[in-house]
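First up is the structure itself, then whatever we jot down about it.
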Number of protein chains: 4
Amino acid sequence: MNTDSKHEVRVRPLRERLREETARAILVAAEEVFADKGLHDARVEEIAARAGVSVGTVYNHFEDREALLADLVESRRKELALRLDQALADHQPFETQLRSFALTVFEHFESHRAFLSILLQSDVGQPTDAMREIRARIDVLVRRGLSRKALRSDFAPLLPSMFTGALKAILMHDLRNPGELEVPERAEAAIDFFLNGAGA
Amino acid sequence: MNTDSKHEVRVRPLRERLREETARAILVAAEEVFADKGLHDARVEEIAARAGVSVGTVYNHFEDREALLADLVESRRKELALRLDQALADHQPFETQLRSFALTVFEHFESHRAFLSILLQSDVGQPTDAMREIRARIDVLVRRGLSRKALRSDFAPLLPSMFTGALKAILMHDLRNPGELEVPERAEAAIDFFLNGAGA
Amino acid sequence: MNTDSKHEVRVRPLRERLREETARAILVAAEEVFADKGLHDARVEEIAARAGVSVGTVYNHFEDREALLADLVESRRKELALRLDQALADHQPFETQLRSFALTVFEHFESHRAFLSILLQSDVGQPTDAMREIRARIDVLVRRGLSRKALRSDFAPLLPSMFTGALKAILMHDLRNPGELEVPERAEAAIDFFLNGAGA
Amino acid sequence: MNTDSKHEVRVRPLRERLREETARAILVAAEEVFADKGLHDARVEEIAARAGVSVGTVYNHFEDREALLADLVESRRKELALRLDQALADHQPFETQLRSFALTVFEHFESHRAFLSILLQSDVGQPTDAMREIRARIDVLVRRGLSRKALRSDFAPLLPSMFTGALKAILMHDLRNPGELEVPERAEAAIDFFLNGAGA
DNA sequence: GATGAATGAGGCTTCATTCAT
DNA sequence: AATGAATGAAGCCTCATTCAT
């Protein structure tokens, strides 16, 4: 018993680590396939293949296809939400927070481009939890801008959508012209556009 | 003889008109179902049912499901493209053209709201012909703005995405807050944001 | 009434002739399409189109697809049976009858190549009435050959199949090498092979 | 380590053997159903049922219905071609080779009677690869007969069709009178007829 | 746990046939 | 009687999910 528990203390973590490793590999594969093939045409078998496991293994780790997608979105969301919270945490000048926020989004996009294009797809229909949570943070940001008189109050209810629109504009441009702009330049452009517009 | 030719003039168009009527009904039903259920989950059988015809009839009018969707998109695209061209036709001041363009987009969106929100999904993955053609008109518009020094030249390559982003921002806001803004107000907001930004 | 019947005497035949003409046109078209596309892949709509009528008209003249095929086979069969009976009618020497029979088959094949390839298709599965009737005539011919000691009695039960086989051999060769042999040469070859074999 | 490699040697083949067994069962079922119902009326669902598997399983093993048929034909063809090649391999007198060839055909027909009678149908329209390959072997056989002066040179181009016709004649007879002739008798009759004809 | 073959509900599509004009 | 659009049963095929090894 004692031996057993000792044994468990040592062995479990290993197994768990392996187990988690497999799950992570599946999520990575899923992210790729969902992004490549689209939310619908991504086939479980291809995800398994790209993860180097069998279909059965996918189902050993995730309830079903939907749960896999949900977990994927959730894990990426958590990561992004965490970073966005950090960006919002410091008591910086509003514009700095804005830039920091955009930067975070673009960085996350850089490493999870695939994931974000998934999010953008689902964004239109019924908003996902992920999108909602990001929007909540944008709301916070925008309210700060308003209270600091850094944003136009006549646009108040539109501001979250506008900021999202500004970010998306740059993301879209980037999707179609990969590598044209460095990440910081993207953030800069988005903020400049959001605050000052494109009029001469 | 005379009767015959008269006959043809009358009878042919009748059947043709009925035929076209059926096709139109199917397209309308398809628009509804595609919008309700999504690009993927729309079932041909439901489209037929909602059009009040049998499945077979759908296939008498459209090669297959994909062709039906393509035709649907195409018909909406043609309609929008025509109106956008009209908006671009007059030699109005740039800002008027801009407003007119936005107005057209929002009006079109108003009458095909559900379906267009579906199309926006596919915009992310591979852009449709429809989206491409609209973008071409945006390019024209933007070039005019640049040549009239009405738009910031430092944003030149980004301007089409930015204008699209501004329109989408308002569309998104409208999707989530239906009826909050009248169509002309939407156009006004989009243009104001696009040209001047949201900074105070 | 009298007028009517007079009228009918004149008008009916015209109508009937037209009616028959249409039916004939459909049968000709059917023969072509059945032969081109095969017994199964021949589509009623294509038959109608090739006959220059609408689908509905086909169904005004024939109960259904199966009846159309049956009528087609029947009409060609009647024609062939008639001619074969003529070939068997004269009290000619056996070999002359044989040659005449073969000649008739090849001539019929020449004008209804399509039809016969239909027959050959159905021959294997369940023999059609048409094939059965032709075989009946071959049986007659063979019995004559046996009673005149012109055919080997040790082959007696096999002779009908052998004669058919000899005819088919030449038909097959002709299908693959169209125009290589004139019709009389074909008959000659078939008879020579049937009677004398291919051994040196 | 050793265990591992041993393991692989044992386990892999097991699954593979089961997999092949399933494929074979489907092919056997397909042969039956295609023969029973005809090339067209054979339903994939019935094939699956008769193989004791689900439809999906059929599609796990064969691309589609057409591929299943092709595989079936191919497997029967390979078998026959192999045996025909053996029959042609020995440097026997021509007539022995001929008899051996015919024997092989009839034996093969005996074990795949139903299916082959289906194949004969398609022989008329567009010849299958299978038929072509068999014909190629008949060509070889016939050329040998010619060079050994065992076959009539005036029939040269017709000989392959004639030999085929002689075989088919007996096959047809056999289809209509099952069990009347033993396999060797069939071969004997076919050869006798082919070489000497049916004339007294 | 991992494997991957088996499953079968459910979708798309075809085409002979009907029927209102 | 001709027309051809409408019908819908029936077939093929896909792919998420299960389960025996």
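Chain letters run A, B, ... following the sequence lines, proteins first and then strands; every chain starts at 1.
V55(A) comes within contact range of at least one nucleobase, with a heavy-atom separation under 4.0 Å. Counting non-hydrogen atoms under 4.0 angstrom, A42(B) reaches the backbone sugars and phosphates but no base. Across all strands shown, H40(D) has no heavy atoms under 4.0 Å from either base or sugar-phosphate atoms.
Between atom CG of residue N60(B) and atom CZ of residue R19(B) there is a gap of 7.0 Å, rounded to the nearest 0.5 Å.
When each of G52(A) and E66(B) is assigned the nucleotide of DNA chain E bearing its nearest heavy atom, the one mapping closer to the 5' terminus is G52(A). Position along DNA chain F of the nearest nucleotide to V58(C) versus E63(D) favours V58(C) as the more 5'-ward residue. Comparing G56(A) and R43(D) by the nucleotide of DNA chain F that holds the closest heavy atom to each, the one mapping nearer the 5' end is R43(D).
A sub-4.0 Å separation between OP1 or OP2 of dA6(E) and a side-chain N or O of T22(D) is present. One finds a side-chain N or O of H61(D) lying less than 4.0 angstrom from the OP1 or OP2 phosphate oxygen of dA6(E). Applying the 4.0 Å criterion to OP1 and OP2 of dT17(E), one finds that Y59(C) has a side-chain N or O inside that range. Residue T57(B) places at least one side-chain N or O closer than 4.0 Å to OP1 or OP2 of dT7(F). Put simply, S54(B) has no side-chain N or O that comes within less than 4.0 Å of OP1 or OP2 on dG8(F).
As a whole-Å value, the separation of E46(A) CD from dG4(E) C1' is 17 Å. In this structure, K37(B) atom NZ and dG10(E) atom P are separated by 14 Å, rounded to whole Å. Between the CG atom of L39(D) and the P atom of dG11(F) there is a distance of 16 Å, given to the nearest Å. Following rounding to the nearest Å, E45(A) (CD) and dA6(E) (P) show an atom-to-atom distance of 13 Å.
Of the residues V44(D), I47(D), L27(D), L72(D), the one that meets the side-chain contact (heavy atoms from CB on, under 4.5 Å) test with F62(D) is L27(D).
A donor N or O paired with an acceptor N or O is found under 3.5 Å between the base of dA6(F) and the side-chain atoms of N60(B).
The pair R17(B)-E21(B) does not meet the salt-bridge criterion, since no charged nitrogen lies less than 4.0 angstrom from a carboxylate oxygen. Between R77(C) and E74(C), at least one side-chain N (NZ, or NE/NH1/NH2) sits under 4.0 Å from a carboxylate O, which counts as a salt bridge.
When both pairing distances are held under 3.5 Å, dA20(F) makes a Watson-Crick or G-U pair with dT3(E).
Closest to the side chain of R19(B), from the set dA5(F), dC12(E), dT7(F), is dA5(F).
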Stepwise side chain to side chain contact (heavy atoms under 4.5 Å, CB included) check, R43(A) with K37(A): CA-CA 8 Å; R43(A) 290 165 57 248; K37(A) 302 296 169 77; over 6 Å; no
